[in-house]
Undergrad: 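The structure under discussion is supplied below as structure tokens; questions concerning it will follow.
Naming convention: chains lettered A, B, ... in sequence-line order (proteins, then strands); numbering from 1 in each chain. These numbers were taken from a predicted model, which means no experiment stands behind them.
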Amino acid sequence: MLKKGQTSAAYLFLAPFLITIGIFFFYAFARAIYYSLTDFNLFNTPKLIGIKPYVDVLSDPSFRRALSNSLVFAVITTTLQTIGALLMAVALNNKIRGMAFFRSAWYMPSITSSVVITLIFLWLFQRRGVANYAITQWQTYLPYTLTLLGVLIAAQVAQVLWERARGLPAGWFDPALAVISLLIALAVTATLSWTGVLSVRDVAPYDFQYFSDRWISIGGARLLSIPMLVIIIQNTFTTIPTLMLFFLAGLQNIPGALYEAADIDGATPMQKLMNVTVPMLRPVTFYVITVGLIGTMKMFDQVAVIGSAAPQDTLITLAYYVYINTFKAGAAPVNLAAAAAIVLAAIILVMVFLQRRFISSEAV
Amino acid sequence: MTTTLAEVRKNAADLDRWLARRRWARAGWLYAFMLVMSIFFLGPFLMGLLSSMKDNPNEYPPRLIIPQLTPQYIGRAYNLGVQGAGSGWNGGLEPGRTVTFDVSVRSPADAPQGPPTTALFPYQPTSLVAIARQAQATEYATVRTVETGQVGEVRSYRITVDYPALTAQQGEVIAARLATPDENVNAKLPGGQIVAVTLDTPAAQDKQYSLNATQAVELVKAGDKYYLRGPVFERTPLQIDVQRGQSITASTLPPSDRQNFGRSFAYRNITPGVLGYTFNNYRRAFSETTSPQTGRSLFFSWVLNTFLYAFLRVSAAIVFCSLAGYALARMDFPGKNLIFIVGVLFVQMVPDQVNLVSNYVLLQDLGLLNIWGLWFNGLVAAGGVFLMKQFFEGMPKELEESAAIDGAGPLMTFFRVMLPQAGPALIALAITQFQGAWNDFFWPLVILRQNTDYLLTVGLVNFRQLYGGQGDYGLILAGAVLSAIPVIVIFVIFQRYFVDTGSDSAVKG
């Protein structure tokens with residue numbers, strides 16, 4: 001084909017895309033930078049006032065809170081969801097029957113909207129909600145659980161030692177012996193409970209108020225609020241399935257020969273995970289972390305849904321800070337909102353840049 | 001000591017069996033683990049789904065076996081619906097009907113032996129739309145309690161709710177709504193015709209000024225006159241109180257609320273019908289957002305809006321994203337790399353909040369703070385362009401080359417040759433865009449200003465603001481479940497594509 005004809009055709013094909021991002025992205029981006037240097041409040045004619053809005057924003061305690069909340073949230077959530085997704089993917093990467101069913105079932109949290117899931121979590125984490133009920137039950141049945149675990153471990157150790165004495169190569173986590181240990185543990189617990197040695201503990205209903213002004217502090221600095229912790233749990237829960245698929249795709253590309261070689265060298269499952277799987281998954285991990293950081297820094301939906309149900313300081317993020325300042329009643333400090341938005345964009349871009357610059361994405 | 005060949009073989013076979021046993025056990029543990037994780041990932045949804053059927057989703061301790069799902073109570077709810085309104089599904093209370101409800105009370109020897117006090121109580125729903133005060137069953141119906149038997153300390157009582165018709169006229173019974181009154185009371189017939197209503201008994205004339213416009217009523221047509229038979233009630237709320245020392249041991253339906261140390265039982269509706277019993281919260285999501293003037297349900301509008309928006313987004317993506325993706329994948333032109341890096345990758349990194357002010361002001365100036373503005377705002381999704389680019393890059397070049405030899409221009413090549421080949425990618429694109437539109441929250445929240453324009457996500461947040469403060473989670477959970485259904489259906493049908501799109505972009509990205 002003629003190259004000249006192709007150029008005009010290509011731009012014709014791209015026209016709707018370029019026009020849309022031109023108006024709603026680049027023009028908007030430029031205007032945001034402009035507004036962030038003016039005294040705009042939605043109703044007046046903007047007048048340039050230099051970097052004053054940035055200075056104001058940086059000295060706004062609410063902005064500082066939002067910045068710290070966003071960073072803490074992004075770092076913790078990205079870490080948790082990356083590790084969680086990797087472990088889930090390793091578990092799912094077994095060729096057993098019915099794997100497709102589990103893969104679909106686990107994917108469910110990823111397809112429903114953040115609004116729906118946040119509403120369900122708000123309900124689960126009420127003062128007298130399902131989460132607190134589960135904790136109460138756990139405390140009530142603690143004697144049973146501890147007995148079960150204790151007997152299980154004791155039985156497993158005894159059996160492994162015995163098998164080894166017979167010259168068989170039993171590992172500490174030998175699955176067949178663990179089944180027998182579990183049966184023994186169940187039988188012992190049932191007997192003890194039947195004879196009345198074990199009984200439930202009488203505990204008061206656990207009624208922790210999650211959506212209140214409580215903080216985890218380090219050295220007096222308020223680091224992470226409890227409502228934010230609930231959102232971290234919720235976000236990890238919803239993101240793990242998506243990220244898990246990325247890891248699964250990566251896992252299926254690892255040559256089986258590597259694991260066979262590791263088997264010949266007598267590597268334990270843990271060693272295989274750390275020395276074969278993790279290094280081979282490096283490109284995927286890199287991608288997952290990038291996506292995770294961008295996504296978590298932008299977190300908005302959950303905060304907006306919870307809204308007034310939790311004290312604002314505990315949940316405010318940069319994205320939410322921009323939103324509430326843009327739509328504040330009366331003369332809204334839109335210039336501050338724009339400045340905060342630019343700061344947020346800059347943080348994300350710097351994060352991605354640093355990651356690209358200093359962390360190798362190549363598999364080793 | 002020597003080992004024979006037979007012994008060696010036997011030992012090897014033993015070891016094989018030993019190892020096989022381990023493989024089986026390992027698979028067993030794996031399945032157990034998978035099951036536990038499935039409960040973890042699906043548990044919150046299942047709990048939400050089950051609890052959305054409860055009268056009180058906040059009950060403590062939470063139960064998994066709920067009366068709303070047991071055949072026995074569903075049957076009784078049906079039966080009571082038939083008694084109250086002749087409809088086992090919708091229930092309600094119509095004039096001229098009598099409803100019986102049984103309750104058993106235990107009165108130990110040292111406690112009072114009297115019958116329980118029973119009364120209907122008023123119920124006015126909270127709502128997102130202006131609802132005029134509705135007529136209450138308690139003002140029209142009478143309740144009487146009769147002892148029907150005694151077994152040991154437990155006496156059973158039959159409570160009869162009697163709602164006499166306000167007119168003695170016989171004739172065709174018509175369901176209508178009251179309209180704005182002038183010198184006499186008017187009603188709007190199902191056909192839209194407005195007629196004057198005759199109040200021919202003192203009982204009916206008594207209520208003349210307490211009935212608001214839009215109240216659902218029954219009329220009797222006799223001759224060419226319409227007589228008021230009485231208002232139709234959506235529910236019959238009943239309260240039963242016993243004295244100190246007594247306790248209620250059983251009732252036809254379980255109570256919605258127990259108060260006063262189990263001595264005061266409230267039944268929000270003793271004529272529910274199946275819909276009003278098992279799916280009460282779902283029905284409320286529609287009925288409590290229905291404006292009586294227009295008869296339109298806000299929740300229903302939100303569902304339609306969301307479908308419309310999803311449809312618009314998907315259509316735009318199929319045309320524009322594939323065009324742009326194809327150009328970036330297969331055509332050669334100056335600025336291609338720049339457009340890809342800045343227009344596709346950079347755009348996805350920058351948070352939406354940066355464009356918030358400008359886009360809001362722009363759409364406001366254009367008078368587009370509605371679903372169309374929302375559509376233009378995200379007309380061509382950068383993520384969709386990326387997906388299509390990846391797909392077209394993987395297609396064989398021969399197709400285009402042969403098209404070019406045949407003298408087809410770029411547009412012809414694209415629409416006649418390339419696009420028909422892109423079926424699977426287009427389905428994946430459509431699904432991701434549908435899901436994205438259905439779950440979209442930030443831009444709808446910013447751009448949509450009228451509550452009739454809302455999408456489901458934004459509407460649900462309004463539910464939370466209105467009902468969450470009172471802890472009325474039944475409605476919130478029901479709304480959440482309803483709004484999740486379409487995506488879940490799509491997911492179940494097109495699972496393969498969800499999984500594929502996810503992993504594709506990972507490997508290549």
Undergrad: Go through the atoms of B:L477 and report whether side chain, backbone, both or neither lie under 4.5 Å from a heavy atom of chain A.
TA: side chain

Undergrad: Between B:Q353 and A:Y320 (side chain of the first, backbone of the second, donor and acceptor by atom type, cut-off under 3.5 Å), is there such a pair?
TA: no

Undergrad: Could you tell me if the side chain of B:P44 sits less than 4.5 Å from the side chain of A:I117, heavy atoms only?
TA: no

Undergrad: Chain B heavy atoms under 4.5 Å from A:I240: which part of the residue, side chain, backbone, both or neither?
TA: side chain

Undergrad: Tell me if the aromatic rings of B:F442 and A:F300 count as close, with their centers under 6.0 Å from one another.
TA: yes

Undergrad: Does any heavy atom of chain B fall under 4.5 Å from the side chain of A:A178, the backbone, both, or neither of them?
TA: both

Undergrad: Under a 4.5 Å heavy-atom cutoff, which of B:N58, B:I476, B:V461, B:L379 has the most pairs with chain A?
TA: B:N58

Undergrad: For A:I33, which atoms come within 4.5 Å of any heavy atom of chain B: side chain, backbone, both, or neither?
TA: neither

Undergrad: With side chains defined as the heavy atoms from C-beta onward, is the minimum distance between A:T112 and B:N439 less than 4.5 Å?
TA: no

Undergrad: Let me know if A:I306 has heavy atoms under 4.5 Å from chain B in its side chain, its backbone, both or neither.
TA: backbone

Undergrad: Which region of B:Q465, side chain (C-beta onward) or backbone (N, CA, C, O), has a non-hydrogen atom less than 4.5 Å from a non-hydrogen atom of chain A, or is it both or neither?
TA: neither

Undergrad: Keeping B:R22 on the side-chain end and A:P175 on the backbone end, is there a donor-acceptor pair under 3.5 Å?
TA: no

Undergrad: Under a 4.5 Å cutoff for heavy-atom pairs, which residue among A:L122, A:L92, A:L318 has the most contacts with chain B?
TA: A:L122

Undergrad: Considering residues at least two apart in sequence or located in another chain, which fulfil the salt bridge (Lys or Arg N to Asp or Glu O under 4.0 Å) criterion with A:D301?
TA: none

Undergrad: Is the B:F41 ring parallel, tilted or perpendicular to the A:W106 ring (thresholds 30°, 60°)?
TA: tilted

Undergrad: Based on non-hydrogen pairs under 4.5 Å, which of B:S51, B:A32, B:A382, B:A381 is most in contact with chain A?
TA: B:S51

Undergrad: Roughly how far, to the nearest 0.5 Å, is OG of A:S113 from CZ of B:F441?
TA: 9.0 Å

Undergrad: Between A:M88 and chain B, which part of the residue has a heavy atom less than 4.5 Å away: side chain, backbone, both or neither?
TA: side chain

Undergrad: Using a 3.5 Å distance criterion without hydrogens, assess whether the side chain of B:N355 forms a donor-acceptor pair with backbone atoms of A:A28.
TA: no

Undergrad: Is B:L456 close to chain A through its backbone or its side chain, or both, or neither, when contacts mean heavy atoms under 4.5 Å?
TA: neither

Undergrad: Which region of A:Y323, side chain (C-beta onward) or backbone (N, CA, C, O), has a non-hydrogen atom less than 4.5 Å from a non-hydrogen atom of chain B, or is it both or neither?
TA: both

Undergrad: Chain A heavy atoms under 4.5 Å from B:V354: which part of the residue, side chain, backbone, both or neither?
TA: both

Undergrad: Is A:P205 close to chain B through its backbone or its side chain, or both, or neither, when contacts mean heavy atoms under 4.5 Å?
TA: both

Undergrad: Measuring heavy-atom distances to chain A, does B:F376 have an atom under 4.5 Å in its side chain, in its backbone, in both, or in neither?
TA: both

Undergrad: Against chain A, label B:I405 side chain, backbone, both or neither, depending on which of its atoms sit under 4.5 Å from a heavy atom there.
TA: neither

Undergrad: What part of B:V481 lies closer than 4.5 angstrom to a heavy atom of chain A: side chain, backbone, both or neither?
TA: neither

Undergrad: Chain A heavy atoms under 4.5 Å from B:L19: which part of the residue, side chain, backbone, both or neither?
TA: neither

Undergrad: Which region of B:R330, side chain (C-beta onward) or backbone (N, CA, C, O), has a non-hydrogen atom less than 4.5 Å from a non-hydrogen atom of chain A, or is it both or neither?
TA: backbone

Undergrad: What orientation do B:F40 and A:F237 show, parallel under 30°, tilted 30 to 60°, or perpendicular over 60°?
TA: perpendicular

Undergrad: Would you say that B:Y473 contacts A:Q126 through its side chain, given a criterion of any heavy-atom pair below 4.5 Å between the two side chains?
TA: yes

Undergrad: Do the numbers put B:R63 on top of the ring of A:Y133, so that NZ or CZ is under 6.0 Å from the six-membered ring centre and no more than 45° off the axis?
TA: no

Undergrad: Salt bridge between A:K298 and B:D352, side-chain N to carboxylate O under 4.0 Å?
TA: no

Undergrad: Report the option among A:S104, A:A30, A:A32 that has the most heavy-atom pairs separated by less than 4.5 Å from atoms of chain B.
TA: A:S104

Undergrad: Between B:L30 and chain A, with a heavy-atom cut-off of 4.5 Å, which part of the residue counts as in contact: side chain, backbone, both or neither?
TA: side chain

Undergrad: Check salt bridge (Lys or Arg N to Asp or Glu O under 4.0 Å) between A:R31 and all other residues, then give those that pass, not counting sequence neighbours.
TA: none

Undergrad: With chain B as the partner, which of A:F26, A:Y35, A:F327, A:F173 has the greatest number of non-hydrogen pairs under 4.5 Å?
TA: A:F327

Undergrad: Students often mix this up, so state it plainly: with edges at 30° and 60°, are the rings of A:Y11 and B:F333 parallel, tilted or perpendicular?
TA: perpendicular

Undergrad: Specify which of B:S483, B:G28, B:P57, B:A484 makes the most heavy-atom pairs with chain A at under 4.5 Å.
TA: B:P57

